[in-house]
Amino acid sequence: MSRKQLAVETVAEAYLALLAERGVDVLFANAGTDFAPLVEAYAKAAHTGLPVPKPLIATHENLAFSMAHGYAAASGKVPAVMVHVSVGTANALCGVLNAARENVPILFTAGRSPLTEEGLDGARDTYIHWAQEMFDQAGMLREAVKWDYELRNGAQLETVVDRALAIATSPPGGPVYLSLPREVLAEKLAGFTYDAPSRRVAASPPAPDAAAIDAAARILADAKNPLIVTADAGRDVAAVAALADFAERFAIPVVEHRQRYLCLPGNHPCHLGYDPAALVGAADAVLVIECDVPWIPSRDRPPQEAKVIHLGVDPLFSRYPIRGFATDVAVTAAPATGLPALAEAIAPLVPDSVIEARRRRIAERCEAQQAGWRKLRDTSATAQPIHPAWISACLAEVRDPGSVLVNEYTLLAEHCPSLLPGSYFGSSPAAGLGWGAGAALGIKLAEPDRQVIAVLGDGSYLFSNPVAVHHAAAAHQLPVLFVVTNNAMWGAVRRATLGMYPQGEAARSNKPPFIDLDELPAFEQVCAAAGGYGERVEDPADLPAALERALHAVNVEKRQALLNIICQGPG
Ligand SMILES: Cc1ncc(C[n+]2csc(CCOP(=O)(O)OP(=O)(O)O)c2C)c(N)n1
């Protein structure tokens, strides 16, 4: 364990150097008056050569946070985000809620109104420094972050940064929040000495308890029709192979429900799609792996006598106020270690003949499901306005096999299955819209050599601050393809209304309020205004070639592209 010494002169310089030392290589930021000591420290580092995180500007806080979210999810690193005091924090809050529910570790920081009215370096010197102060700035996001603190002085810098990073990355991961008063950042230091590497490391993932594994194994071994439902198992890419082996070995069908990560390759013989509704009713045991909502109880649910096992780093989702899914066994374990342990416990208990019979049934069901999807694709190929299934099917044809798809949330995975771990990112169950475009930029930053495609509803795209998004794509050379499925409405609001009032006045009305998005701008021109390629597509027959043109812009010309695809809404 060695101590390192740096010839820095302020806390701001030491802070940036320490972040870089701890592996924080990007600082996504939306600045204000609180940034002055950091701007100064960056400028100094530029000529001293002190390693610091790459500074990356984003012109809206929700964009900065969504970019960080995508970057963290794709790279496995912890990025930092810094915003302007209370108001910047408020603008980023939607992104924080998304990352929190998806367990994405991010060091979220904000300035804080200067503490003092005069006297100290960094004291208040403009009128906003009074009104922006809050009694409890962190209070607005305390429920969403794992930890929050305010840096009090330079002496505690190492402890505070290390503790923030260790807590953010200890499973289940999540954002943490640190406010940085201007006087503290400006505090003079006569050098900075710290441990390298850190002496405050993250806690290990939970290992499975033997008794819980035995109980779960007995349930699964006794079951005739077991089912696995997951949303997030693939957050840890190592868990994808573990799940693939487990499902294959015991012939247990897997449904990815509202998946946020690729959990099982779409072509795995046990993959039975993305909707548990058709399967849970016949299941006699359900293994729920890293999945907050394995079915919608008001619609379909397993029979009363079916046994339910939950496995994950926090299998009860203890940060959710209400979640009452039946739980006969809850195994606290990372799937990458929990599933192999479960496999060892089940193996001696299930005869091969049971597994082989089930394997045949899954194959038949899989074939029938695939045939249904193929039929829909065939009929949708000529539908006008363009059918969402056709958009997904065309994307499946043109995308690079190694590409990354971001789905908010109009891609239909059954028509565009992903095959590689880390190649799919779906929107957070918190569903704070406006995440996808920024997340795609963050992923592209993390993986510059991979093709990155974001599929966004027109509503989702508008929530993302499109002008800020296209500016960031151009300014930071992040050539991403944005596929906007433009049904000129908030289809989800329409579905919800018709679902609750199928015979109601709104169902009879030609134009109930809060659904249609009239007079939408030409999104393709918004992208083009930032130097990107933009095209509007209305004819289904044009779509494959339009996608090729857009991907040519992205892959060869290295500039962003947007297809504004005019398509059908829900019936
Ligand atoms: C920040 C935020 N505001 C509002 C909502 C409510 N909401 C959920 S889906 C949706 C419509 C999304 O429209 P679009 O992306 O076009 O997809 P569509 O529903 O038409 O398929 C809205 C407004 C939300 N999830 N997040």
Side-chain angles (χ1 to χ4, degrees), residues 60-67 69 89-102 140-141 143-144 231 258 260 274-275 292-293 296 320 380 383 385-392 395 405-416 425-440 453-466 468-469 482-500 506 511-524 526-527 536-538 562-571:
H60 192 281
E61 292 83 352
N62 197 36
L63 171 62
F65 208 89
S66 300
M67 288 176 75
H69 182 148
T89 300
N91 266 357
L93 200 43
C94 184
V96 179
L97 294 171
N98 283 335
R101 289 300 195 220
E102 242 178 81
M140 72 177 109
L141 47 56
E143 192 173 329
R258 293 281 169 183
R260 274 75 80 166
Y274 305 87
D275 184 0
D292 53 349
V293 181
I296 308 292
Y320 284 36
S380 72
I386 294 175
H387 193 287
W390 179 236
I391 301 175
S392 297
L395 259 178
L405 280 182
V406 176
N407 184 12
E408 189 183 21
Y409 53 102
T410 46
L411 179 90
L412 302 175
E414 61 270 35
H415 302 296
C416 188
F425 297 93
S427 47
S428 165
L433 291 180
W435 162 87
I453 302 172
V455 181
L456 315 163
D458 48 334
S460 307
Y461 173 69
L462 284 171
F463 275 101
S464 75
N465 287 296
V469 164
F482 302 101
V483 174
V484 180
T485 59
N486 183 352
N487 59 16
M489 68 166 83
W490 289 339
V493 180
R494 180 177 161 83
R495 271 192 301 276
T497 308
L498 298 188
M500 277 185 77
K511 210 169 170 53
F514 308 130
I515 289 175
D516 289 337
L517 300 174
D518 296 329
E519 304 299 331
L520 285 173
F523 301 143
E524 67 280 10
V526 183
C527 180
R536 178 183 170 97
V537 188
E538 291 186 57
L562 183 146
L563 289 186
N564 180 12
I565 305 177
I566 309 306
C567 66
Q568 298 177 19

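In this text the structure is predicted, and so the values were computed from the model without any measurement. Remember, it's 1-based here, ligands and their atoms both numbered in the order they're listed. Index from 1, following the sequence.
- Within ligand 1, counting atoms from 1 as listed, the ones closer than 4.0 Å to a heavy atom of G457 are 14 (P), 15 (O), 16 (O).
- Annotation for P429 and Y320: closest pair CG-OH, 4.0 Å, computed over non-hydrogen atoms.
- Checked by atom type and distance alone, the side chain of N62 pairs as donor or acceptor with a backbone atom of G95 at under 3.5 Å.
- Ring pair Y461/F482: centre-to-centre distance not below 6.0 Å.
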V406/W435 under side chain to side chain contact (heavy atoms under 4.5 Å, CB included): CA gap, chis, key distance, verdict: CA-CA 10 Å; V406 176; W435 162 87; 3.7 Å; yes
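- Atoms of ligand 1 lying under 4.0 Å from any heavy atom of N487, numbered from 1 in the order shown and given with element: 18 (P), 20 (O), 21 (O).
- Shown in contact with T410 at under 4.0 Å from a heavy atom are these atoms of ligand 1, numbered in order with element: 21 (O).
- No N or O atom of G432 sits closer than 3.5 Å to an N or O atom of ligand 1.
- Inter-residue side-chain proximity for L462 and L520 is flagged as met; some heavy-atom pair is nearer than 4.5 Å.
- Note: no N/O pair closer than 3.5 Å links T485 and ligand 1 by distance alone.
- By the 3.5 Å distance cut-off applied to N or O atoms, S460 is counted among the residues near ligand 1.
- Nearest to atom 5 (C) of ligand 1 by heavy-atom distance, out of L433, V484, N62, N486, is L433.
- For ligand 1, the polar-atom distance check against W490 finds no nitrogen or oxygen pair separated by under 3.5 Å.
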Working for side chain to side chain contact (heavy atoms under 4.5 Å, CB included), residues T497 and V493: CA-CA 6 Å; T497 308; V493 180; 4.3 Å; yes
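- When only interatomic distances are considered, the shortest N/O to N/O separation between F463 and ligand 1 does not fall below 3.5 Å.
- Interface of G491 with ligand 1, defined as ligand atoms under 4.0 Å from a residue heavy atom, comprises 18 (P), 19 (O), 20 (O).
- Here the CD1-CD1 distance, from I386 to I565, works out to 6.0 Å after rounding to the nearest 0.5 Å.
- Among protein heavy atoms, atom 19 (O) of ligand 1 sits closest to A492 N, 2.7 Å.
- At least one heavy atom of Y409 sits closer than 4.0 Å to an atom of ligand 1.
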N98/R260 under side chain to side chain contact (heavy atoms under 4.5 Å, CB included): CA gap, chis, key distance, verdict: CA-CA 11 Å; N98 283 335; R260 274 75 80 166; over 6 Å; no
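- Rounding to the nearest 0.5 Å gives a distance of 6.5 Å between CZ of R494 and CD1 of I515.
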Pair N486-I566, side chain to side chain contact (heavy atoms under 4.5 Å, CB included): steps then yes or no: CA-CA 5 Å; N486 183 352; I566 309 306; 3.7 Å; yes
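- Where the criterion is an N or O separation shorter than 3.5 Å, residue side chain and backbone included, V493 fails it with respect to ligand 1.
- Closest protein heavy atom to atom 16 (O) of ligand 1: D458 OD1, 2.6 Å.
- In this structure, the protein non-hydrogen atom closest to atom 14 (P) of ligand 1 is G459 N, 3.5 Å.
- Shown in contact with A431 at under 4.0 Å from a heavy atom are these atoms of ligand 1, numbered in order with element: 24 (C), 25 (N), 26 (N).
- More than 12 heavy atoms of other residues, nucleotides or ligands sit less than 6.0 Å from atom CZ of R101.
- Considering backbone and side-chain N/O atoms, C94 never comes within less than 3.5 Å of an N/O atom of ligand 1.
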